[in-house]
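Treat the numbers as computed from the prediction; the structure is a model and nothing was measured.
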Amino acid sequence: SVRRLVDQRREQSARSYRQDKNVKKYVVTASLMAGLSMISGAAFAQTSGTIGAGIAHIDPDGGDNTQSYGINGGVTIPVSGNLAVLLEGAYATNDDADVDTLSGAAHLISRDANQAFGGFVGIANVDGGGADADVWSIGGEYAKFYDTYTLAGTVAYASADDTDVDAWGLQGEYRLFVDDNTRFDIGLGWANIDTGFGEGDGFQIGSGVEYRFADSPISIGANVSYIDVADSNNFMVVGATLRFDFGNVSLKARDRTGNTFGSANGLLSFLQ
């Protein structure tokens with residue numbers, strides 16, 4: 001009958017509409033997933049970082065020598081335009097002094113071919129002799145890029161509420177690139193440390209060298225620094241590092257497009 005034919009055509013139209021709607025929904029969903037995959041893939045392709053291990057010999061005035069061993073790593077993630085996020089973490093242990101330190105920080109920076117600037121927040125847990133303290137830090141950082149060297153500076157504030165210690169300080173660094181895979185560093189630091197018993201100043205001077213093997217992601221380094229803290233033992237630190245790079249074609253590339261800024265927890269050397 002005519003009525004039955006009309007009902008059949010209505011049902012066919014309804015099925016066709018549902019199928020078309022499902023197809024459009026699938027196409028939209030697939031397009032979104034493909035777009036997200038492309039974004040994630042692009043971000044991952046630009047991500048770079050390092051993984052390293054180190055040993056340090058600590059020689060205090062009027063005290064016993066100790067050795068510290070540690071691992072560390074950092075990753076750089078481009079966000080948008082010139083913006084990038086730098087994440088870092090480290091763990092070090094000193095069995096002789098019974099001290100373990102776990103630290104991490106997040107940087108948000110903007111950079112181009114000439115300079116980089118930004119800020120960071122960090123947290124560290126220092127566990128020594130059965131008592132531990134959390135150290136919070138915050139600061140700003142700036143780097144100026146030249147053809148064969150980089151000038152970098154950091155201003156930071158750190159606080160350890162558990163031990164009633166606060167510090168703020170300045171750090172500067174000169175990085176000389178003899179070639180793309182050979183770097184020399186010279187650094188200076190100053191901090192004002194305020195404890196529940198008074199306050200004083202601390203000074204730090206150090207230098208280092210790092211060399212990356214040709215056609216290899218592996219680099220080796222050595223460093224030495226001297227730290228002078230008011231009302232405390234001064235000490236000399238001599239260290240060596242082994243590092244693996246991923247996403248950086250050279251040490252100079254790491255400096256300019258990778259982990260431009262080093263550890264944000266430089267004030268820890270004054271607070272321990």
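In this structure, N94 contributes its side chain and A97 its backbone to a donor-acceptor pair below 3.5 Å. Of the possible polar contacts, one joining the N181 side chain to the L251 backbone as a donor-acceptor pair under 3.5 Å is found. Listed for the N234 side chain is no donor-acceptor partner under 3.5 Å among the backbone atoms of P60.
Using a 4.5 Å cut-off between side-chain heavy atoms of Ile, Leu, Val, Met, Phe, Trp and Tyr, with links allowed through other members, V238 and I55 fall into different hydrophobic clusters. Connection of F213 to F246 is established within a shared hydrophobic cluster, with ILVMFWY side chains joined at heavy-atom distances below 4.5 Å, either directly or through further cluster members. In this structure, V209 is not a member of the same hydrophobic cluster as L188, with clusters built from ILVMFWY side-chain heavy atoms closer than 4.5 Å.
Here the shortest heavy-atom pairing between G49 and N248 reads O-ND2, 3.5 Å. The shortest heavy-atom contact between I220 and L242 is CG2-CD1, 3.9 Å.
Among residues at least two apart or in separate chains, salt bridge (charged side-chain N to carboxylate O under 4.0 Å, His left out) pairs with a member in residues 174-187 are E173-R175, R175-D255, R183-D185, R183-E210.
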Working note: Y69 + D95, criterion side-chain hydrogen bond (donor to acceptor under 3.5 Å, both in side chains); need CA distance, chi angles, decisive distance, verdict. CA-CA 9 Å; Y69 307 88; D95 291 337; over 6 Å; no
From CA spacing to verdict: side-chain contact (heavy atoms from CB on, under 4.5 Å), F177, T182: CA-CA 6 Å; F177 293 91; T182 306; over 6 Å; no
So T50 and D245, side-chain hydrogen bond (donor to acceptor under 3.5 Å, both in side chains) or not? Walk me through it. CA-CA 5 Å; T50 66; D245 265 287; 5.5 Å; no
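Side-chain atoms of R243 and N72, non-hydrogen and from C-beta on, do get closer than 4.5 Å to each other. Contact annotation: the side chain of F235 never approaches that of D61 to less than 4.5 Å [non-hydrogen atoms, C-beta and beyond]. W136 is not listed as a side-chain neighbour of I138, based on a closest heavy-atom distance of 4.5 Å or more. The closest side-chain heavy-atom distance from W168 to W190 is below 4.5 Å. With contacts defined as side-chain heavy-atom distances shorter than 4.5 Å, the pair D134/D161 does not qualify. Side-chain contact check for N65 versus H57: some heavy-atom pair is nearer than 4.5 Å.
Just one residue in the list D59, I58, V224 forms a side-chain contact (heavy atoms from CB on, under 4.5 Å) with V237, and that residue is I58.
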Taking distance alone, no hydrogens or angles, what donor-acceptor pairs closer than 3.5 Å link side-chain atoms of residues 108-122 to residues at least two apart or in another chain?
from, atom 1, to, atom 2, distance (Å)
R111, NH1, G258, O, 2.7
R111, NH1, T260, OG1, 2.6
R111, NH2, T257, O, 2.5
R111, NH2, G258, O, 3.2
D112, OD1, N114, N, 2.8
D112, OD1, Q115, N, 3.0
Q115, OE1, Y142, OH, 2.7

